[in-house]
Amino acid sequence: MLLEVKDLNSYYGLSHVLQGMSLTVYSGEIVGLLGRNGMGKSTTLKSIMGLVRPKSGSIRFQNQEIAGHESYQIARAGIAYVPEERRIFSNLTVLENLMMGVKPGENQYQGGWTLAKLYHHFPFMKDRSAQKGAHLSGGEQQMLSIARALMGNPALLLVDEPTEGLAPLMVQEVRDVLLKINKEGVAILIVEHNLKVALSLVERVYLMGKGHIGFSGSVQELQSMPHVQEQYLSI
Amino acid sequence: MKRQFGKWCAWAMILGGLYMAPRVLGVFELNVLLGTAIFALFSLSLNLLLSFTGLLSFGHAMFFAAGAYGTVLVLTRLSGFPLLPLIGIGAAAAIGLALLLSPLLVRVSGHAFAMLTMAFSQIMYATVMKLSHITGGNDGISGFAIPSVSIPVVGVVDMALEQNFYYFAISILGLSAWVMWFFTRTPFGSIMVGIRDNPERVTYLGFSVPLSKAIILCVSAGFAGVAGSIYALFQNMVSVDGVLGPLSSFSPLINCFIGGLGTFIGPIFGTGIGTILLELMSAHPEQAQLVFSLVLIAIVLFLPGGVIMLYWKANTRWMAVRQNIQNRFFKRRIYE
């Protein structure tokens, strides 16, 4: 078991966003976290990453308790985070953005992601390595954000709404890239709004109700249960 | 290739000019030049916090002062202390102060950082005044001899000679500026920009923001200390109002604004303009402040990017003109 979240409770001020959230991710799989807006999907990722401090509950990563740790310690332990809205450093060049992803000290997980390997997967970055991040298109920024996360050789990638606001062609490309990365052995926990994209990408899904998991199962199971989709996904 | 050549030419001119300065300039002009260089380094060190890391310090003079007092106290108390390590003592004193304050300073940013730095520099002012039996209080410490330096091949160099001290000081200042520039080009430079733009992103990439801030603070303080140390030797005195007075922390800030925030070399231009302006008006000190303030207002209002923007604008203009000329005279010939 790579990641085990158990009975997590997180607050934004007084509002109780995560109410006994539990999920697991095994090595090498892609897991989707789906649900309507405001259910706490992004907060779950942020809580795992330590950007939101959980009040109670446990988060075990590679059999190590990480709940309550500082974000940078969690990042060094081998979890990478690709946030919503493509948060790259727009004042730094593409290359500088990528180099920021290299973590200090020894990597716990040797994934073998190097600049050369990333340039192979994302050829446009090589040609535009000296350009400022701000000059990239939305899709390219998303790719850069993912590539930067990989530079740290993570065992687990948390991806928050990677296809939001992208052109259909770019959505395809992001999806393919995530699949390729997963083939290289990186486990992915993805929050995705686009149900079609999500179901074509993941092996297992968690559907979130208000602050907790309402359904968990394989993609086939979900597809055979329209009433569950109705309950947790339709608007 | 052509641009590289132009760059080397510019460097050669700058270095040649600095080398020739003592032969061409009189004592007064040379002193103005060296004073500008000292304050340029001080402003550059502040700019490391301001432009790169996004931390506004209202008390940067305390590091300048730590360097000045550190050097002078060791120089006057331990006879026979060599000159180069004295500068090192100045840097070490400033870094020591930065280390002492960093547990508090790295926790804050924005207004809180500005207020805390101002408060600490006020505390330092009061402390230096109180410890007048060591620091000389208001009168300061003055009239010390700068130790000579013996260089293996050249022999003993007498630093009491203005020209020799100039070469020594300008080398240290230039080298410091270069090291600082290099620092901004390392991956750590990217972390500084990252902290300015979005600290959270830096955190989830695996870097401790407080620790990074502490390192940046120490580097910045160290170079401010070097500037302070050379300033004290150059002035041949250190006094509380000279290095910790009300304007001491603000003049480098103003220099950064005049020169242009967001660039590395902006503060050098800002310091040059500020110093020249004040020297030109030195016969009328009251009006000098007025003119200086008007210039500052004009720049903030009409040239928010600082004087460095003039260069960029001229550069873009020149590029367009060159393109135009090329199009008109060369490309047509090809087609005809």
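A quick note: this is a predicted structure, and the numbers were derived from the prediction, not measured. Computation of the quantities below employed the complete heavy-atom set of this structure, encompassing side-chain atoms and omitting hydrogens, waters and symmetry-equivalent molecules.
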- Message: Please output the residues of residues 22-35 of chain A in contact with chain B, using a heavy-atom cutoff of under 4.5 Å, in numerical order.
- Response: none
- Between A:Tyr72 and B:Tyr204, ring centroids under 6.0 Å: no
- Report yes or no: do A:Ser10 and A:Ser47 form a side-chain donor-acceptor pair below 3.5 Å? yes
- Kindly say whether the aromatic ring centers of B:Phe223 and B:Phe42 come within a distance under 6.0 Å. no
- Item | Minimum heavy-atom distance between B:Leu44 and B:Ala177, given as atom pair plus value | CD1-CB, 3.8 Å
- Portion of A:Met100 that has a non-hydrogen atom of chain B nearer than 4.5 angstrom: both
- Message: Less than 3.5 Å apart, any donor N or O on the side chain of A:Thr163 or A:Glu192 sitting next to an acceptor on the other?
- Response: yes
- Query: Between the side chains of A:Gln19 and A:His212, is a donor N or O closer than 3.5 angstrom to an acceptor N or O?
  - Reply: no
- Note on the structure: Most heavy-atom pairs under 4.5 Å with chain A, out of B:Gly194, B:Gly262, B:Ser190, B:Gly189, belong to B:Ser190
- Note on the structure: What one should report as the nearest heavy-atom pair of B:Leu173 and B:Ala37 is CD1-CB, 3.6 Å
- Identify whether NZ of Lys or CZ of Arg in B:Arg196 sits under 6.0 Å from the centre of the six-membered ring of B:Phe52 and within 45° of that ring's axis. no
- Residues in residues 91-98 of chain A near chain B [non-hydrogen atoms, under 4.5 Å]: A:Asn91, A:Leu92, A:Glu96
- Just checking, is any N or O donor in the side chain of B:Thr117 or B:His60 under 3.5 Å from an acceptor N or O on the other one? no
- Parallel, tilted or perpendicular for B:Trp178 and B:Trp181, by the 30°/60° rule? tilted
